[in-house]
Structure formats: C-alpha cells, structure tokens
Amino acid sequence: MLDRSGHTRRQILKGAIGGAAGIVLGAPVQRLIAAQSQPAAVLRLNDDLFVVTLPGESNVVAQISADGVLLVDGGSARAADALRQAIAGLPRGGPVHTIFNTHWHPEQTGSNEQLGQAGKTIIAHENTRLWLTTDVSWPWSGQRFKRLPKIAQPNKTFYTTGATEAGIRYGYIPDAAHTDGDLYVYFAQQNVLAVGDAVSAQGWPVVDYTTGGWIGGIVGGLQRLQALANDDTRIVPGRGPVIGLKDLKAQYEMYATVYDRLTQLLNKGRGPSEAVAAQPTKEFDAQMGNPDEFVRRAFESLWAYVSPDA
C-alpha cells in the first residue's frame, strides 16, 4: 500500500489493529475461531462492526444488530462454511439476514447460494446481477466463471443509491474502478466505509476490463470515494488492512500518475508489452510489488475507453 509518510503496509496494519482503526477480539473469541479448520482474522471496528478475513480470502464486513447479521461481501464458495462459523462466533453473532455484493467476482459472492436458499436479502448493483446471470471468460488467462443459479443471484438491486431501514447507506461507484457494478456501503454511525475491490490495500489490483473495469475508473473511483470520507473515516478495502482518507488520497495520486503515463504510451502507438517495458510504475514498485500483470491489464483496459476502435 502506498503511504507518503514512509510507513510500510505491515506497520500500517499493526497500527490499524492496535490503534484507532480497531482492536483485536479477546481471547475467548480468538480461541473459538482458532479451533476452526480455517482460522479467521477478526478486527473489531466498533461494538457491533467487524472485519472478518479468512486465509486467502477477501475482507468481509459484519454488522451485528438485534435483527441478526448484515454482511458486506461473502468470500468464496469454498470458504462459505468457515465464514458462517466465524460469523456465528462473533459477540452476539446470529443468522445473516442481508448481504451486499460489492461486485460479481466469486471472491465476493461465494455465500450467495447458501443465503439465497435461506431466503435472505442479497443486495447488489443491477450490473452485478446481470454479470451473475451469464458466463464470463477472462481473455488474458482463459479462466471461465459460470453463472450463478437463480437462487444465488441478487434479489434486490439498485442503480444509484439506497439505504437500509437501519440507516446504512449504499451507492454505485459508476467510474468502473474494478468492474462496472462496484458499490460502497457506508455505516454512518460508525463512520466506516466498505468499498470492496474498488480499492486495494494489498498490492496491485486486478483490472477486470472484461466486465468494465479500467485504469481511468480506478482514478475516478478513488476521487469519488474521497468525497464520502473524512479524516476519521475507516475505509475497508476488498483486500489488505483498513486504511484512512490520507491513504486514499495517496493512492489517487499514484494511479493518476500511472494513468497519465499509460495514456501517453497509447497515444504514441505503443502496445501492452512496450507499456510494461516502459516501467510506468517504477517509483511505486518497492511498495506495491511486481507490476507487470497490472500494467498489461491496465494498458489493455484503455482500448475500450480511450481508443475504442483499437
């Protein structure tokens, strides 16, 4: 994760767990979760709001109330049972009544089938629902994603913004930062903003241009999300530690720089391999990791938006 103060991602994560971002759960809950086949890391943001992360999985936000549990994202299908057990082990944890899908990817929608069969509410942007009704293939890897059965598809969709009866606000991120169905969920009372993979705090993100995502959308999404946050807002990305507005601004500057460089290369007639060779991310690589796959996908994403006839 980029941080202009010079802190490493490990330092930021340590501070987030021990400081303002939240506190780690006490020994009884830790022992309960550790006893499971897939132990979960649990970060308490407030008395009723938690970030639950299973090994190799994306972040899941769980909000506990008298009505049960509300989730933002549900992990992959292979981790659905382990996630359910981890949620049940939270203080006052109960059955899930609602889940938000921040976008269509399997790492976010793996609990949909269980919850759909139980008659629970699955909320997503309409574009996310549409992607989940069809097979999707990634041309760069050949990976194929099968459509979800009807029972697992979102049963409550929206186009712009919405709110739950409890006052939790949610909205569309139309910039297509990750896909064209990205959404955010804002817990106003706790001042926590869950954003899915529209923000990455753990290395370079996947630019899923097959379903609308592009490098310019990353820049636009980061700018848009800044308007929803303040200096005290805790922002939960799809992967990596909880971050703040300062981190969001630093990421915006970084991706804007990369976007400008890639656009210049495209306008000069360069191709994806030449874009990788040009090292447009070189000053950020020590913090973010190997950029080659990201640069290639980000450059290819420009074809649909900047040069649609390419």
(request) Identify which one of Thr179, Asp180, Thr211 satisfies the side chain to side chain donor-acceptor pair (under 3.5 Å) criterion when paired with Trp131. (result) Asp180
(request) Write down the atom of Trp204, the atom of Asn290, and the distance for their closest heavy-atom approach. (result)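 Closest heavy-atom pair between Trp204 and Asn290: CD1-O, 3.4 Å.
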(request) Could you pull out the closest heavy-atom pair between Ala194 and Val61, with the gap in Å? (result) CB-CG2, 4.1 Å
Side chain of [X], backbone of [Y]: donor and acceptor closer than 3.5 Å?
{"X": "Asn230", "Y": "Thr233", "answer": "yes"}
{"X": "Asp73", "Y": "Thr102", "answer": "yes"}
{"X": "Asn112", "Y": "Ala152", "answer": "yes"}
{"X": "Thr281", "Y": "Phe284", "answer": "no"}
{"X": "His125", "Y": "Asn127", "answer": "yes"}
{"X": "Glu57", "Y": "Ser76", "answer": "yes"}

From [X] atom [atom1] to [Y] atom [atom2], the distance as rounded to the nearest 0.5 Å:
{"X": "Gln153", "Y": "Thr109", "atom1": "CD", "atom2": "OG1", "answer": "10.5 Å"}
{"X": "Leu71", "Y": "Phe50", "atom1": "CG", "atom2": "CZ", "answer": "12.5 Å"}
{"X": "Asn155", "Y": "Ile99", "atom1": "CG", "atom2": "CD1", "answer": "11.0 Å"}
{"X": "Gln108", "Y": "His178", "atom1": "CD", "atom2": "NE2", "answer": "6.5 Å"}
{"X": "Glu126", "Y": "Phe158", "atom1": "CD", "atom2": "CZ", "answer": "10.5 Å"}
{"X": "Met288", "Y": "Gln202", "atom1": "CE", "atom2": "CD", "answer": "10.0 Å"}

(message) So, using side chain to side chain donor-acceptor pair (under 3.5 Å) as the criterion, who are the partners of Ser301 when residues are at least two apart?
(response) none
Using a 4.5 Å cut-off on heavy atoms from C-beta on, say whether the side chain of [Y] contacts that of [X].
{"X": "Pro91", "Y": "Ile64", "answer": "no"}
{"X": "Val72", "Y": "Tyr170", "answer": "no"}
{"X": "Tyr186", "Y": "Leu228", "answer": "no"}

(message) Taking the ring centre of each residue, are Tyr209 and Trp303 less than 6.0 Å apart?
(response)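 No: the rings miss the under 6.0 Å criterion.
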(request) Not counting sequence neighbours, list each pair that qualifies as a salt bridge (charged side-chain N to carboxylate O under 4.0 Å, His left out) and has a residue in residues 256-276. (result) Arg261-Glu283
(request) Just grab all the salt bridge (charged side-chain N to carboxylate O under 4.0 Å, His left out) pairs involving residues 203-230, residues at least two apart or on different chains. (result) Asp175-Arg224
(request) Under the salt bridge (Lys or Arg N to Asp or Glu O under 4.0 Å) rule, collect the residues that match up with Asp81, sequence neighbours excluded. (result)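 Applying salt bridge (Lys or Arg N to Asp or Glu O under 4.0 Å) to Asp81 gives Arg84.
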(request) With sequence neighbours excluded, tell me which residues meet salt bridge (Lys or Arg N to Asp or Glu O under 4.0 Å) with Arg147. (result) Asp135
(request) Check side chain to side chain contact (heavy atoms under 4.5 Å, CB included) between Gln226 and all other residues, then give those that pass, not counting sequence neighbours. (result) Leu245, Leu248, Lys249, Tyr252
(request) Ignoring hydrogens and angles, state whether a donor on the side chain of Gln190 or Asp48 is under 3.5 Å from an acceptor on the partner side chain. (result) yes
(message) Check this for me, if you would: do Arg296 and Glu293 make a salt bridge, where the nitrogen-to-carboxylate-oxygen distance has to be below 4.0 angstrom?
(response) no
(request) Evaluate whether atom CD of Gln189 has more than 12 neighbouring non-hydrogen atoms of other residues, nucleotides or ligands under 6.0 angstrom away. (result) no
